[in-house]
Amino acid sequence: MNTEFRKAIIPDEIRSLCAFDRKVFPSDYFSAADWREYEAYWLLVDGRKIGCCAFERQGETLHIGTTGILPAFQRMGYGQLMKCWEIVWARRQGFKRVMTCSRKSNAAMIALNKKFGFRAVGRVPAYYEKPAEAAVVMRLDL
C-alpha cells in the first residue's frame with residue numbers, strides 16, 4: 001500500500017475538495033469560497049484521495065481548519081497518520097504552535113489531538129452551524 005500527501009491545486013481542485021468534504025462532513029462543510037482561503041493537502045492511498053486537511057498560516061501559528069478521512073477509511077489509522085503528518089509539516093515550516101478546533105461532541109478527534117500533545121485551551125460557543133455546537137479549541141506548542 002502506497003501512501004502520500006499531495007498539495008491540492010487551488011482553484012483547479014475546489015470542486016473535488018467540496019465533494020470530498022460533503023462525504024466526510026455531510027451537514028457542515030466548506031464552501032468553494034472557504035477552500036480558496038486555505039492551503040489544502042490530500043492523503044492518497046494507492047492514488048485514491050481518502051483524506052484531506054486544510055491550513056491557514058497566522059504568523060507563527062498554523063491553524064488546522066479541517067482534517068477529514070472518508071468514512072469507509074476511518075478507524076484504520078489514517079487519521080493518526082494525517083495528524084502526525086500535519087505536525088511534522090508544521091515543524092518543517094518553522095511554526096511555533098498548531099491550533100485546531102473540534103466539535104465538542106467529536107470525542108475521537110479530541111482524543112487523537114490529545115494523543116499528539118494538544119491541550120484544550122478554550123471553547124467557542126456556536127462555532128459550528130449545522131448543527132449548532134461549541135468548538136473545543138486545542139493547541140500544540142512545537
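Along the sequence shown, the residues carry numbers beginning at 1.
- With values rounded to the nearest 0.5 angstrom, Ile50 atom CD1 is found 7.5 Å from Phe20 atom CZ.
- With sequence neighbours excluded, no residue forms a side-chain hydrogen bond (donor to acceptor under 3.5 Å, both in side chains) with Arg48.
- Of all heavy-atom pairs spanning Phe30 and Ala54, the tightest one is CE2-CB, 4.4 Å.
- In terms of hydrophobic clustering, with Ile, Leu, Val, Met, Phe, Trp and Tyr side chains grouped at heavy-atom distances under 4.5 Å, Trp89 and Met109 are assigned to a common cluster.
- Applying the ring-ring contact (aromatic ring centres under 6.0 Å, His included) definition to pairs two or more places apart or across chains, none involves residues 95-142.
- Among pairs with a residue in residues 63-78, those fulfilling side chain to side chain donor-acceptor pair (under 3.5 Å) read Thr67-Glu86, at least two apart in sequence or across chains.
- Hydrophobic cluster membership is shared by Met99 and Val124, with clusters built from Ile, Leu, Val, Met, Phe, Trp and Tyr side chains linked at under 4.5 angstrom.
- Thr100 OG1 to Lys83 NZ: the interatomic distance, rounded to the nearest 0.5 Å, is 5.0 Å.
- With hydrogens and angles ignored, the 3.5 Å screen pairs no side-chain donor or acceptor of Glu129 with any backbone N or O of Asp28.
- In this structure, CG on Asn106 lies 12.0 Å from SG on Cys101, to the nearest 0.5 angstrom.
- Annotation: ring pair (Phe, Tyr, Trp, His ring centres under 6.0 Å) contacts of Phe5 (sequence neighbours excluded): Trp85.
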Show the atom names and distances, to 0.1 Å, of all donor-acceptor pairs under 3.5 Å that link a side chain in residues 8-18 to residues at least two apart or in another chain.
{"unit_1": "Glu13", "atom_1": "OE1", "unit_2": "Arg6", "atom_2": "NH1", "d": "3.0"}
{"unit_1": "Glu13", "atom_1": "OE1", "unit_2": "Ile9", "atom_2": "N", "d": "2.7"}
{"unit_1": "Glu13", "atom_1": "OE2", "unit_2": "Arg6", "atom_2": "NH2", "d": "2.9"}
{"unit_1": "Glu13", "atom_1": "OE2", "unit_2": "Trp42", "atom_2": "NE1", "d": "3.3"}
{"unit_1": "Glu13", "atom_1": "OE2", "unit_2": "Lys49", "atom_2": "NZ", "d": "3.0"}

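- Within the 4.5 Å cutoff, side-chain heavy atoms of Cys52 are placed close to those of Trp35.
- Note: the hydrophobic cluster containing Leu44 also contains Met82 (ILVMFWY, side chain heavy atoms under 4.5 Å, direct or indirect links).
- Each of Val45, Thr3, Ile69 was scored for a side chain to side chain contact (heavy atoms under 4.5 Å, CB included) with Leu81, with one residue passing: Thr3.
- How far CD of Gln58 is from CG of Leu62: 8.5 Å, rounded to the nearest 0.5 Å.
- The main-chain N or O of Asp46 is never found under 3.5 Å from a side-chain atom of Asn2 such that the two would form a donor-acceptor pair.
- A donor-acceptor pair under 3.5 Å is formed between the side chain of Ser27 and the backbone N or O of Lys130.
- How far CG of Leu43 is from CD of Glu4: 9.0 Å, rounded to the nearest 0.5 Å.
- Every side-chain hydrogen bond (donor to acceptor under 3.5 Å, both in side chains) that Lys115 has, sequence neighbours left out, goes to Gln80.
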>> Show, in sequence, the C-alpha distance, side-chain angles and deciding distance for Leu142 and Ile87, and conclude whether the side chain to side chain contact (heavy atoms under 4.5 Å, CB included) test is met.
In response: CA-CA 8 Å; Leu142 302 176; Ile87 293 166; 4.1 Å; yes
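- Tyr41 is connected to Val24 through a chain of hydrophobic side-chain contacts under 4.5 Å among Ile, Leu, Val, Met, Phe, Trp and Tyr, so both are in one cluster.
- Under a hydrophobic clustering in which Ile, Leu, Val, Met, Phe, Trp and Tyr are joined whenever their side-chain heavy atoms come within less than 4.5 Å, directly or via other members, Val88 and Leu112 fall into different clusters.
- Atoms CD1 and NZ, on Ile110 and Lys104 in that order, are 9.5 Å from each other to the nearest 0.5 Å.
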